[in-house]
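Residue numbering restarts at 1 for every chain, and letters A, B, ... go by the order of the sequence lines. When reading the values below, keep in mind they use all heavy atoms of this one structure, side chains included, and skip hydrogens, waters and symmetry mates.
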Amino acid sequence: MNAVSKPAPARPEPRPALPWRRLGEGLSQVLQNLLIALIYAFLLAPIIVVVIVSFSESAYLVFPPKALSLRWYVAFFSDSDFVRALKNSLMVGATTALISSTLGILASIGLVKYKFRFRDLLNSLFLSPLTFPAIVLGIAMVVFYAKVKLSGTFWSLVCAHVVLTVPYVIRTVSASLYGFDNVLLEAAANLGASPFTAFRRVMLPLIKAGVIAGAIFAFIISFDELVVTLFIAGPRMTTLPIKIFNYIEYTSDPTVAAISSILIVIMLLIGVFLPRNFVAA
Amino acid sequence: MADVQLKSVSKVYGRNAVVNDISLDVEHGELLTLVGPSGCGKTTTLRIVAGFVKPTHGAVYIQGKDVTEIPPHRRDTGMVFQQYALFPHMTVQKNVEFGLAMRKVGARERNTRVGEALELVGLAHLKDRYPRQLSGGQQQRVALARVLVIRPKVLLFDEPLSNLDAKLRLEMRLEIRRLQQEVGITSIFVTHDQEEAITISDKIAVMNFGRIEQTGTPMEIFSRPATPFVADFVGTSNFLEGKLAAMEGDCAIFESAGGLRVRLGPSPGLAAGDNLVIAVRPEKIILAEPAALPGTENVFEGEVAETTWMGPLTQYLILLKPGNEKLVVKQQNLDTSRIFRKGEKVSVRWLPENCLRFKK
Ligand SMILES: Nc1ncnc2c1ncn2[C@@H]1O[C@H](COP(=O)(O)OP(=O)(O)O)[C@@H](O)[C@H]1O
Ligand SMILES: [Mg+2]
């Protein structure tokens, strides 16, 4: 194809390496790979064990399982308490993700795109739930929600989770916003777009990656939040983590392994597929 | 009535009057250029017209209607930004279509008009590209098509050519002028480049420190600058300070601080003793061997202090006798012209009518 292909530049023949030296290099390469494999195994082994145990026949958590079955999956889905807890968690997680993203976008726009006094202070305040120990937040919220008579309801959980997750949304959305040029909003306005239309048609598509990442964070964090939720979830608002927590106090059959496996699959799907599809755009 | 009017518009940031009591009329179909050095308030003025900046005082009228309180998206202006500001997530087609979609134009008509606009700027074949896949000049054309397609009441250009390389800049300059005349839309063009201003405008407003120093046709601005600033900014000038020594009929004899006696053209309204600044453009000065120039009127002797060869031109810095006043001279490099070297003695001459004069 290339008619004028140049001859390969004359390169001195590599000197044949001494046999013992080549052996040394090969060995260090093998060792390096082995080390990496060990680290991965160390990180992933518990997860793999849980998944395998969940298919066990036995009524105890034994590894390796002697026989395989799906009975613990059946057990999970036929326990109405578990199913209700799962539903609650999904609902709280989705609602939290929605509210957190909305508030997080608005806060980020204010923090990134406007200059005002106390901006840095406000920024640290918004991010502060990241640095508080969860138990402190839990106690604070229990006292607060008791005062405003909101304890133990769906919305009290959502409110608490929004406080916990909004910092993550602010982080990811702010990162996207720094790369967004305000002049695009002016161009949109100049062409006749109202402020909201300009946001929806121009800004939102361009910060989409940050928004989706933030929403996923919010959902996942809400979905497996335990400490704060323990304090404020009443008997009628049990989430999945709480249900699991209570369950393993008295029982140790592989139902929890089955739940864990389901969660792992859900998280994998969210973590692997969503960002790739959206962030690439 | 003028299509766009600014009435005593000011913009104050803190204690800084960035735009200071500007009044402007742009007639229908006219292209007016705001020209001035960087930081003089051109962009701010343009953004006041577009509605992005609210003036501290004064009012803006578009086609007779006071739009001072109207937000940008309901002003119906079309702005071409310095950085083009194309929507990176939309194709060329979608970018150009945006304004029509906002105006709820039906899909069929939208398509036709986008096609026409892209045809007009010669980019119809690139309609499915994204902005990042286009060169600077092409992006510029898309930005142009995007505002032309909505047929706005006013076109606004903020230094649209400053990001292009020199050759493309000349080409796009002509192109913008051609399109503007073709569609006949009233336009305000901002630039810091006086040459650009002179070549594309119907009317020029020269700005300095937030004020308009002079408004007029390019010819008026160039040949009858109202202030020394305008004389210097539009086409650079040599300035001599001094006073009027005598009147001979209605022609004045000016004497510079360095002792040069310069004959001015007819100068009604001046009297002996007036403090004066005169300006002479470098390209209006003739340079020759010592004592080789005929006549005695405005012939002076001097010495070359610096020679800069600039391709088609040579620029000299001359020190004039007797007071060593500096004079910049530009000569065309013709086959016959001789290049003077540093240290050579020369004589210079200019015509009385080429002296611009400003009272102090
Ligand atoms: N939002 C603002 N706040 C404070 N000063 C500003 C603002 N916008 C512009 N300025 C100042 O106003 C002056 C004029 O700016 P600009 O209109 O952009 O000038 P030009 O376009 O002629 O270069 C500059 O000194 C700039 O620093
Ligand atoms: Mg500017």
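For the pair A:R119 (side chain) and A:L111 (backbone), a donor-acceptor distance under 3.5 Å is present. Under a 3.5 Å cut-off, the side chain of A:S174 and the backbone N or O of A:R171 do not form any donor-acceptor pair. Formation of a donor-acceptor pair under 3.5 Å by the A:K113 side chain with backbone atoms of A:F180 is found in this model. The backbone N or O of B:V35 lies less than 3.5 Å from no partner atom in the side chain of B:T33, so there is not a single donor-acceptor pair.
In terms of heavy-atom pairs under 4.5 Å with chain A, the best-connected choice from B:T77, B:I150, B:V80 is B:T77. Of the listed residues (B:A143, B:A101, B:P152, B:G78), the one with the most heavy-atom contacts under 4.5 Å to chain A is B:G78. The most heavy-atom pairs under 4.5 Å with chain A, out of B:M90, B:R74, B:R75, B:R47, come from B:R47.
Residue contact with chain B, scored on non-hydrogen atoms closer than 4.5 Å, is absent for A:D181. Interface residue A:L184: backbone and side-chain heavy atoms are both found under 4.5 Å from chain B. Interface residue A:A188: backbone and side-chain heavy atoms are both found under 4.5 Å from chain B. With a threshold of 4.5 angstrom between heavy atoms, A:T197 approaches chain B through side-chain atoms but not through N, CA, C or O. Proximity to chain A (any heavy atom under 4.5 Å) is restricted, for B:L86, to the backbone atoms N, CA, C and O.
Going from atom CG of A:N190 over to atom CZ of B:F98 covers 10.5 Å, rounded to the nearest 0.5 Å.
More than 12 heavy atoms of other residues, nucleotides or ligands lie within 6.0 Å of CZ in A:F199, so this atom counts as buried by the packing criterion.
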